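The figures that follow rest on heavy atoms only: side chains count, while hydrogens, waters and symmetry mates do not. Residue numbers start at 1 and run along the sequence shown. What you are looking at is a predicted structure, and each value in this text was computed from that prediction instead of being measured.
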Amino acid sequence: MKTAEIRSRFLEFFRARGHTIVPSSTLVPANDPTLLFTNSGMVQFKNVFLGSEKPGYVRAADVQRCLRAGGKHNDLDSVGYTARHHTFFEMLGNWSFGDYFKREAIAWAWELLTAEFKLPAERLWVTVYHTDDEAYAIWRDEIGVPAGRIVRIGDNKGAPYASDNFWQMADTGPCGPCTEIFYDHGPGVAGGPPGAADADGDRYIEIWNLVFMQFDRAADGTLTPLPAPCVDTGMGLERLAAVLQGVHSNYEIDLFRHLIQAAAKLTGTTDHENKSLRVIADHIRACAFLIVDGVLPSNEGRGYVLRRIVRRALRHGWMLGVRGDFFWKMVAPLVEQMGEAYPELAQKQALVEQALRAEEQRFGETLEHGMRVFDEVAAKAGKTIPGAEAFRLYDTYGFPVDLTADIARERGLAVDMAGFEAAMEEQRERARAASQFEAKAQIPAELASALAPTAFLGYETLLADACEVLAIVRGGRKVDALADGEEGIVILDRTPFYAESGGQVGDTGALAAGEGRFEVADTQKLGGVFHGHVGRWRGSAPLRAGARVRAAVDAERRRAIVLNHSATHLLHAALRKVLGEHVQQKGSLVAPERLRFDFSHFQPIGTEDLRRIEDLVNAEIRRNVEAEVRHMGYKDALAFGAMALFGEKYGDEVRVLRMGDFSTELCGGTHVGRTGDIGLFKIVGEGGVAAGVRRIEALTGAGALAYVADEERRLAEAAGLLSAGSGDVVDKLRQLLERQKRLERELESLKAKAAGSAVQDLVGQAREVGGIRVVAARVDGLDAKALREGVDTLKQKLGDCVVLLAAAADGKAALVGGVHGAALGRVKAGDVVAQVARQIGGKGGGRPDMAQGGGNDTPALDAALRALPEWVAARLG
């Protein structure tokens, strides 16, 4: 049974049992800063489990693409060394949100495996959490699995949860006991059943995990029952395909066979069992889907993880003898295998190829040199690569430390990771950012399920009376009141405050109650549907839950934010018109004082294109068209021409913002009434923030006018300094620069004459040592070029000679040495320079006949020059 058929039959099985088929979410979790990547099927349903999101269905099934190559779940180091570890994998899942529970989930899992997929029942084993008597009884008494093949797993020491058969996505959040289904590959494979001492063998392989979500785990470990228990199942498509196709390793299934054959052809490898081919086949899936989902290689965050995966694949290509580019050519075979199931992969094939090719060329230039350095380091390292050397490979040659560790492991070496961490210093913070994301304020599950979503009034008004305080959260827990000076999060039944989302910062302002005032410093979205007013209470009496408050947004600040947000939409459209349809938003900041817009593009934007982009935006502002808002179904919005952003999560009904025929996007932010309200748009910066990602910074409204006024002031000041009118500044500057160049040429000529004169004087001062004429002199006022020319002149005039000239300025000394004629075989110029440089705290080196260096201008310099003839005499014997 082909992999594509397994996907299809799984979904159809559950569709027939009342499940809504949900498309895979992206690898970048939407609106969830607590996760680096989507690492399991339940990520997109997190708020549903918490009770804060109502999806419109109670049963669902999907095939979710997942990535485990960073953060808490990281399988990158194991890929290539085991039969079942992957960076990218597909998770088959069925879900119940307060509908069916253990009995139905277990029965359908058994039916699918034994009746639909025809797996022999006697080869299936199951595990249950050690206290889950209900699941145990269902398996034994209703399904008929013999008690000898049902294993209780878990922590029997009374801990509130255990890692085995008690599942949780992160340190906090939804969790619960689970039951796992294992397939027995037979006695020909080593390993014991689950729970046995030799369970880590490969004979019994877990293929399906049924999680029964019953609890919400708080930061202190407390387990609170969820209001509506749910079912979350996950079955690895690759593992199931291996079982159904009668192979032991995931890399032997049809999908991987195709990719491995393609990799073998590109690398000229005949041994299809080579582990490097497996690494390449695995990594192309992860890299391609990350780029499809909006991630590009960079030195931080998700982009850094992608770069690590790409470079690991390239290193394995290097091991197979590839010295040109090859990895990007794996995209086409991948599209052949997975393009039908994931149309976005086929649609973005050219972008994926372009991004991978650029990264491959960038790293390919240094890989071979870096590998030579690694060989040198390994030869001297003994059993451990020093941390400082691992850091040098990272810092100079772009080797992520796990790549160095991967190479070392193959040669039986270890890496001094503690030393690497110590050497990395500031760069360590960047690496840490690749595996940690700060969690923002969260709402307890029991509170989320009890509250109605906050009604947002901020599209129509910035002031609302008699808003009820539904709840107060402090330190992650619900509290009854806030005393004077205490910080907390206030949740209202309705509010005009916009909660940070889509790049737009949260509103600030105040909530007034009686004589007291809650100073709102930020507004955050909690659980996807609640507006959390973050701030501090000031009042003689406490602010209590149930109180009525007057909510007032800082109106001037909101108006400035609105101008910048609408301008980002116009900017996005202008970028696509000028640069091309490949441009996609990669992030934005919409603040009151400025806007920042990150987008996909592979090269700097020229001055003329920047001017065209700015002119297009300002033309739309002058048109003063209506900023029209419509509400419609998601599919209808796409048909309407609206652009959706990758990484954003949209509901069944969406808000569409259209500004004339220029820009149409899905957006829940606040905007101007007409484009003319923006007033003026001015680009103030453009640059790269990562490979393939550019950033534009701009100002609007009063901020843009102030910027233009400041530029005019600077121009007037420059004109005054040049004694010219504002319109003549460029011509006047050009004249000054031409005059400066002429004077510099004249100065160079004078220096050359002075150097020539000084050199003539030095010829007569040469001292003969063993038939070799030696000159060691200080000639201040000459630059490095003049020193080199002086040394060359002396070499020609003196014949068999050793020459060292020094010049000092600003406390630093420059040294140039030369050796000529019969002295060449006996003295090296690099040694001559190094001898003097060492005595003045410097260093130097170069060719045998010419070298240069430097150090500090101290009294030791003159002494070293005086002593040089004796040093030459000693070298000559």
Side-chain angles (χ1 to χ4, degrees), residues 19 32 34-35 38-53 55 58-62 64 66 72-73 91-110 126-139 150-182 194-195 206-236 442-450 527:
H19 290 64
D32 189 346
T34 67
L35 282 177
T38 298
N39 55 27
S40 66
M42 70 86 61
V43 170
Q44 68 168 312
F45 300 116
K46 181 176 179 181
N47 287 333
V48 180
F49 288 129
L50 287 169
S52 62
E53 183 179 321
V58 294
R59 297 181 180 185
D62 68 350
Q64 173 64 50
C66 302
K72 178 182 177 182
H73 300 285
M91 186 71 82
L92 309 171
N94 60 287
W95 316 85
S96 166
F97 308 116
D99 183 27
Y100 62 83
F101 202 44
K102 297 180 183 180
R103 177 168 283 101
E104 295 86 347
I106 290 173
W108 284 332
W110 189 258
V126 296
T127 65
V128 298
Y129 190 51
H130 69 102
T131 60
D132 194 351
D133 296 332
E134 180 184 5
Y136 184 93
I138 294 171
W139 280 116
I150 307 173
V151 182
R152 292 182 183 266
I153 300 286
D155 186 350
N156 293 307
K157 297 178 182 179
Y161 74 98
S163 59
D164 290 329
N165 280 63
F166 194 98
W167 197 94
Q168 57 187 50
M169 187 184 67
D171 291 336
T172 61
C175 57
C178 59
T179 181
E180 299 172 326
I181 304 174
F182 288 73
E206 177 198 339
I207 57 175
W208 206 346
N209 188 8
L210 314 180
V211 179
F212 306 123
M213 289 290 186
Q214 292 178 257
F215 308 105
D216 177 40
R217 182 171 186 262
D220 63 1
T222 302
L223 298 178
T224 304
L226 289 171
C230 304
V231 171
D232 156 16
T233 85
M235 177 161 52
Q442 295 186 6
I443 185 171
E446 69 275 13
L447 184 57
S449 62

**Student check: side-chain heavy atoms of F215 and F166 closer than 4.5 Å** = yes
**Fill in**
W95 meets the ring pair (Phe, Tyr, Trp, His ring centres under 6.0 Å) criterion, sequence neighbours left out, with F45
**Message:** Tell me the closest heavy-atom pair linking I181 and A109, and the distance in Å.
**Reply:** CD1-CB, 4.0 Å
**Message:** Measuring only between side-chain heavy atoms, which start at C-beta, is L210 closer than 4.5 Å to V231?
**Reply:** no
**Prompt:** What class does the angle between the rings of Y100 and H19 fall in, given that below 30° is parallel, 30 to 60° is tilted and above 60° is perpendicular?
**Reply:** tilted
**Item:** From E104 atom CD to I138 atom CD1, the distance as rounded to the nearest 0.5 Å
**Value:** 8.5 Å
**Request:** Calculate, to the nearest 0.5 Å, the distance between atoms CE and CE belonging to M235 and M91 respectively.
**Result:** 10.0 Å
**Message:** Go through it in stages, so that I can follow the logic: the residues are R59 and F97, the test is side-chain contact (heavy atoms from CB on, under 4.5 Å), and I'd like the CA-CA distance, side-chain angles, deciding distance and then a yes or no.
**Reply:** CA-CA 6 Å; R59 297 181 180 185; F97 308 116; over 6 Å; no
**Item:** R152/D132 salt bridge by N-O under 4.0 Å criterion
**Value:** no
**Request:** Apply salt bridge (Lys or Arg N to Asp or Glu O under 4.0 Å) to D232 and list each qualifying residue two or more places apart in sequence or on a separate chain.
**Result:** none
**Fill in**
When every non-hydrogen atom of G195 is compared with those of I153, the smallest separation belongs to CA-CD1, 3.7 Å
**Complete:** When every non-hydrogen atom of C230 is compared with those of F101, the smallest separation belongs to O-CE1, 3.3 Å
**N165, N209, T179 screened by side chain to side chain donor-acceptor pair (under 3.5 Å) with T127, the one that passes** = N165
**Prompt:** Quick one: does T233's side chain have a donor or acceptor within less than 3.5 Å of a partner on N94's backbone?
**Reply:** yes
**Message:** Restricting to side chain to side chain donor-acceptor pair (under 3.5 Å), what partner residues turn up for T222, sequence neighbours left out?
**Reply:** D220
**Asked** Roughly how far, to the nearest 0.5 Å, is SG of C175 from CZ of F212?
**Response** 14.5 Å
